[in-house]
Protein chains: 2
Amino acid sequence: MRKTFLFMDTVSNKVDAKGRVSLPADYRAIVKDTGSEIVCYRSLSSPCIEGCLEDLLDKLASEMENSLDFFSAAQDDLTNLIFGDAKRYSFDSTGRIMLSEKLLAHAGITDSAVFVGKGRKFQIWNTENWVQEEARIRAEVFKNRPSIRPVNSGEAK
Amino acid sequence: MRKTFLFMDTVSNKVDAKGRVSLPADYRAIVKDTGSEIVCYRSLSSPCIEGCLEDLLDKLASEMENSLDFFSAAQDDLTNLIFGDAKRYSFDSTGRIMLSEKLLAHAGITDSAVFVGKGRKFQIWNTENWVQEEARIRAEVFKNRPSIRPVNSGEAK
DNA sequence: TGGTATAACATGGGAATTTATGGGAATCAA
DNA sequence: TTGATTCCCATAAATTCCCATGTTATACCA
């Protein structure tokens with residue numbers, strides 16, 4: 001049994017005619033190991049689908065429940081949005097999930113989906129959007145951290 | 001169970017036709033002892049692959065896990081960059097891992113890989129690049145040394 | 001102390017397994 | 001029934017497992 005789990009890596013899978021997508025094998029292993037379930041919802045900040053383990057949302061719910069924070073009204077709203085939107089997605093015997101039309105539309109996904117790990121969460125992007133988004137993020141990070149320089153070598157193709 | 005662990009030494013191993021490389025035996029011992037896993041990602045600052053234990057990233061993920069950060073846009077970018085690029089690499093019964101094409105390309109590695117210990121992390125270099133890099137670092141350190149160590153300390157023990 | 005036996009390691013190659021993915025049949029909902 | 005969802009089987013490619021071999025390091029002994 002593993003002691004930690006993290007959604008990582010970036011993998012692109014096909015969305016078939018029926019709307020099915022293979023959940024990356026690593027992600028499936030996490031679900032198995034934790035005994036939890038995958039939950040997806042529309043990202044509040046980007047045109048992508050966001051997913052995590054049900055455990056995490058449960059934790060979020062607990063925190064909101066016990067919060068004495070007067071200023072958490074805004075967070076409350078956000079939480080409502082998430083829970084109103086979230087839905088469990090279990091995979092079949094071949095490891096595929098079937099994303100709802102609503103989610104696919106929000107992310108502009110048609111025939112291929114890019115899974116991007118974010119640690120306790122992950123995102124699912126339309127291929128072109130993700131290419132742009134990654135470039136944006138890299139530029140942002142290098143701008144804010146002068147000590148780090150973009151690497152120019154290697155990057156063959 | 002050991003109290004401390006450090007990735008050390010510099011060892012060069014072959015990358016075979018399938019893309020497999022032996023992880024140095026010392027590194028494997030660390031993985032066994034800690035019960036963690038190796039995680040690799042493209043270095044942000046050099047044309048090399050960087051690796052560490054999954055524990056290290058897990059700690060990072062945990063720090064971002066509370067409800068405040070659940071919706072944090074600032075950390076969003078960072079997690080995408082880090083976890084989106086990282087990937088777990090477990091070694092087979094003979095101690096080899098299979099590095100992804102993306103990583104190998106970034107480091108310009110084709111048929112041999114140099115593992116360089118860095119304490120809690122390690123790096124994997126293309127042989128020629130590492131020779132240059134080491135020379136560069138040594139020169140750099142030598143140049144800066146006078147400002148680091150007082151030159152005139154007659155009272156030094 | 002030199003030399004040899006033994007164990008650990010790196011590495012090659014083939015077999016077995018896992019993955020991603022397509023398509024058909026069975027099941028379900030209204 | 002129609003459309004959709006779920007389940008199951010098939011396949012090709014990629015990945016992992018396993019055994020074999022040469023090499024290096026370590027232990028041991030005379």
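Labels below follow one simple rule: chain letters A, B, ... track the order of the sequence lines, proteins then strands, and each chain is numbered from 1.
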Members sharing Val31(A)'s hydrophobic cluster, built from side-chain contacts under 4.5 Å between Ile, Leu, Val, Met, Phe, Trp and Tyr, are Phe5(A), Phe7(A), Val11(A), Val15(A), Val21(A), Leu23(A), Tyr27(A), Ile30(A), Ile38(A), Ile49(A), Leu53(A), Tyr89(A), Phe91(A), Ile97(A), Leu99(A), Leu103(A), Leu104(A), Ile109(A), Phe115(A), Phe122(A), Ile124(A)
Return a single string for nucleotides 17-28 of chain C, one symbol per nucleotide in 5' to 3' order, where B is base contact, S is sugar-phosphate-only contact and - is none, cutoff 4.0 angstrom on heavy atoms. --SSBBBBB---
Using whole Å, report how far OH of Tyr89(A) lies from P of dT5(D). 11 Å
Are Lys59(A) and Phe70(B) in a cation-pi contact, defined as NZ or CZ under 6.0 Å from the six-membered ring centre and within 45° of the axis? no
For residues 92-108 of chain A, which residue pairs pass the salt bridge (Lys or Arg N to Asp or Glu O under 4.0 Å) check, not counting sequence neighbours? Asp16(A)-Arg96(A), Asp85(A)-Lys102(A)
Whole-Å distance, Ile97(B) CD1 to dC17(D) C1', equals 17 Å
Residue of the set Thr34(B), Asp55(B), Asp58(B) for which side-chain hydrogen bond (donor to acceptor under 3.5 Å, both in side chains) holds with Lys3(A): Asp55(B)
Would you kindly give the CG-to-C1' distance between Asp92(B) and dC19(D), to the nearest whole Å? 12 Å
Is it true that, when you exclude Arg136(B) itself, more than 12 heavy atoms of the residues, nucleotides or ligands shown sit nearer than 6.0 Å to its CZ? yes
Apart from Val131(A) itself, residues in the same hydrophobic cluster as defined by side-chain heavy atoms under 4.5 Å: none
Can you check whether Ser45(A)'s main-chain N or O pairs, donor with acceptor, with Ser43(A)'s side chain at less than 3.5 Å? yes
For DNA chain C, which residues of residues 99-107 of chain A approach it to below 4.0 angstrom with any heavy atom? none
Is it the case that the side chains of Trp125(A) and Gln123(A) hold a donor-acceptor pair, with the cut-off being a distance below 3.5 Å and no angle test? yes
Per the end-axis method with five pairs at each terminus, what is the bend angle of the helix from dT1(C)-dA30(D) to dA30(C)-dT1(D), to 10°? 40°
Please walk me through it: do Tyr41(A) and Leu81(A) pass side chain to side chain contact (heavy atoms under 4.5 Å, CB included)? CA-CA 9 Å; Tyr41(A) 50 90; Leu81(A) 277 183; over 6 Å; no
Using modelled atom types only, decide if a donor and an acceptor are shared between the side chain of His106(A) and the backbone of Pro47(A) within a distance under 3.5 Å. no
